[in-house]
Number of protein chains: 2
Amino acid sequence: MASASLKSGTPQKILDSAERLLQVRGYNGFSYADIATALRVTKASLHYHFPSKADLGRRLMQRYTQNFLAALTAIDSSGADAREKLQRYVSIYSDVLANNRMCLCGMLAAEYATLPKPIRLEVIRFFDANEAWLAGVLDEGRQSKAVHFAGSAIEAARVLIAGLEGAMMLARSYGEAARFERTGRRLLAELA
Amino acid sequence: MASASLKSGTPQKILDSAERLLQVRGYNGFSYADIATALRVTKASLHYHFPSKADLGRRLMQRYTQNFLAALTAIDSSGADAREKLQRYVSIYSDVLANNRMCLCGMLAAEYATLPKPIRLEVIRFFDANEAWLAGVLDEGRQSKAVHFAGSAIEAARVLIAGLEGAMMLARSYGEAARFERTGRRLLAELA
DNA sequence: GTCTATAGGTGGATAGAC
DNA sequence: GTCTATCCACCTATAGAC
């Protein structure tokens, strides 16, 4: 999944910079000044494109979810079987972590209590979409006997998402991406 | 596990208030002013007991880890078998979430990139201790055939911790503690 | 669309009276 | 040990020139 947009107008560059800062430092850990410094423009210029920080955050989330869902659609179109789809899903997380970033939504979930309501809604929308997509893949895999799990697919999907988000946070704190890889493999192995 | 201290001098009250704020809003989401308002004292008074925010955070983490390890020791002394110990371990997380709080260290892990180094070290110390304790219980359970898992105990412990931390973050965002309970049960079931 | 300048508020932190 | 008063840096955000 490419986080950065193909087009690279000023709003896109601002979103790219804000996205990186947010994934590394969190919503309450970066400021317009940080973006301004990175892009060598003034804060006032940023406010022209994104009037408020809440607006910036909301549009950031919208783009992130859009890109994420596009990556999931690409997996669907690949003709991979259910197990391969799950592996590619985990790889999306790996790629984010490889850039020393947290999942944008995992970060925002931690800071949830301090977020403006529009951003909160986008975070929930992201996780709902992830659960639904994963549940579909899991059901498909169960039917083809490629995947095995007890109970409902949506519950199994939630365990996987929770495990991946948690493993990402921990691996990043330890500075050991390999921790995430090992946990990701185990989570997939439990579905074999 | 009781987060609040039995003694309740001023430093303890400050730590109690800061702990709650940090678990709900994160390290970058609360200020000395928030604590001062809650305790109806001035900010200057807080600085007398905890000169800097970094110092406050570090001592908060030290107390949290101490209380957490005491809770683990209590489980060890209870004569419970390995499976019961694991269930009680999950219950510690449930109790924290029941107060609408995140695990203090899960929160700090998300904000890791912005933390003063002394606090970072305490966060790692917490997770190391948790992994070690869990790995011990898992090995004990495997020997008594009460618990089953592939690979090393430390790896299985990491999957469990990641799953619990992630499930906590998500359940709190959705405002549905039941999400955590269901994921917790599934994570334990995978060790049956 | 980007700039300078600035408003109005809050952040962590300190000096010194009581 | 707690207070008043204050410092200075930084925050989000806006007005108005170019």
Side-chain angles (χ1 to χ4, degrees), chain A residues 5 7-61 107-108 110-120 122, chain B residues 5 7-61 107-108 110-120 122:
Chain A
S5 186
K7 284 202 269 186
S8 51
T10 303
Q12 281 73 30
K13 286 180 186 160
I14 294 169
L15 288 176
D16 290 345
S17 178
E19 187 175 79
R20 156 159 276 269
L21 284 162
L22 211 160
Q23 289 182 278
V24 173
R25 302 180 55 86
Y27 185 78
N28 296 316
F30 84 99
S31 71
Y32 272 50
D34 295 323
I35 306 171
T37 299
L39 300 184
R40 287 194 286 198
V41 294
T42 58
K43 291 184 288 172
S45 178
L46 303 177
H47 279 286
Y48 170 79
H49 296 284
F50 301 94
S52 73
K53 191 178 178 182
D55 183 62
L56 173 61
R58 185 181 51 81
R59 288 167 65 181
L60 200 47
M61 268 303 310
M107 186 65 90
L108 292 176
E111 297 179 294
Y112 198 80
T114 68
L115 299 180
K117 192 162 285 180
I119 301 183
R120 290 189 188 186
E122 291 296 327
Chain B
S5 186
K7 284 204 267 184
S8 51
T10 303
Q12 281 72 31
K13 285 180 186 158
I14 294 169
L15 288 175
D16 291 345
S17 178
E19 185 174 79
R20 155 159 277 266
L21 284 163
L22 211 162
Q23 288 182 278
V24 173
R25 303 180 54 87
Y27 185 80
N28 296 317
F30 84 98
S31 70
Y32 272 51
D34 294 324
I35 306 171
T37 299
L39 300 184
R40 287 191 287 199
V41 294
T42 59
K43 288 190 292 171
S45 179
L46 303 178
H47 280 285
Y48 170 78
H49 296 283
F50 301 93
S52 73
K53 192 178 179 183
D55 184 60
L56 173 61
R58 185 180 50 81
R59 288 168 63 182
L60 201 47
M61 268 301 311
M107 186 64 88
L108 292 176
E111 297 179 294
Y112 199 80
T114 68
L115 298 180
K117 192 163 285 180
I119 301 183
R120 290 189 188 186
E122 290 296 327

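Chain letters run A, B, ... following the sequence lines, proteins first, then strands; residues in each count from 1. Values in this document were obtained by computation on a predicted structure and should not be read as measured data.
Straight-line distance from the CZ atom of A/Phe50 to the C1' atom of D/dC11: 19 Å, rounded to whole Å. The interatomic distance linking A/Leu46 (CG) with D/dT14 (P) rounds to 14 Å, in whole Å. D/dC11 atom C1' lies 18 Å from atom CZ of B/Phe30, rounded to whole Å. In this structure, the CG atom of B/Asn28 is 15 Å from the P atom of D/dC10, given to the nearest Å.
Residues B/Leu56 and B/Ile14 meet the side-chain proximity criterion, which asks for heavy atoms closer than 4.5 Å. B/Phe50 places a side-chain heavy atom less than 4.5 Å from the side chain of B/Leu15. In this structure, the side chains of A/Met107 and A/Gln23 stay at 4.5 Å or more apart for every pair of heavy atoms.
OP1 or OP2 of D/dC11 sits under 4.0 Å from a side-chain N or O of A/Ser31.
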**Report entry** side chain to side chain contact (heavy atoms under 4.5 Å, CB included) evaluation trace for B/Ile119 with B/Tyr27
**Finding:** CA-CA 11 Å; B/Ile119 301 183; B/Tyr27 185 80; 3.7 Å; yes
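Residue-level contact check: A/Tyr48 touches the bases, meaning some heavy atom is under 4.0 Å from a base atom. Residue-level contact check: A/Thr42 touches the bases, meaning some heavy atom is under 4.0 Å from a base atom.
Running 5' to 3' along DNA chain C, contacts with non-hydrogen atoms of chain A at under 4.0 Å begin and end at C/dG1 to C/dT4.
Put simply, the side chain of A/Glu111 gets close to the backbone of A/Asn28: a donor and an acceptor are under 3.5 Å apart.
A salt bridge is defined here as a Lys NZ or Arg NE, NH1 or NH2 lying under 4.0 Å from an Asp or Glu carboxylate O, and B/Asp16 with B/Arg20 fails to meet this definition.
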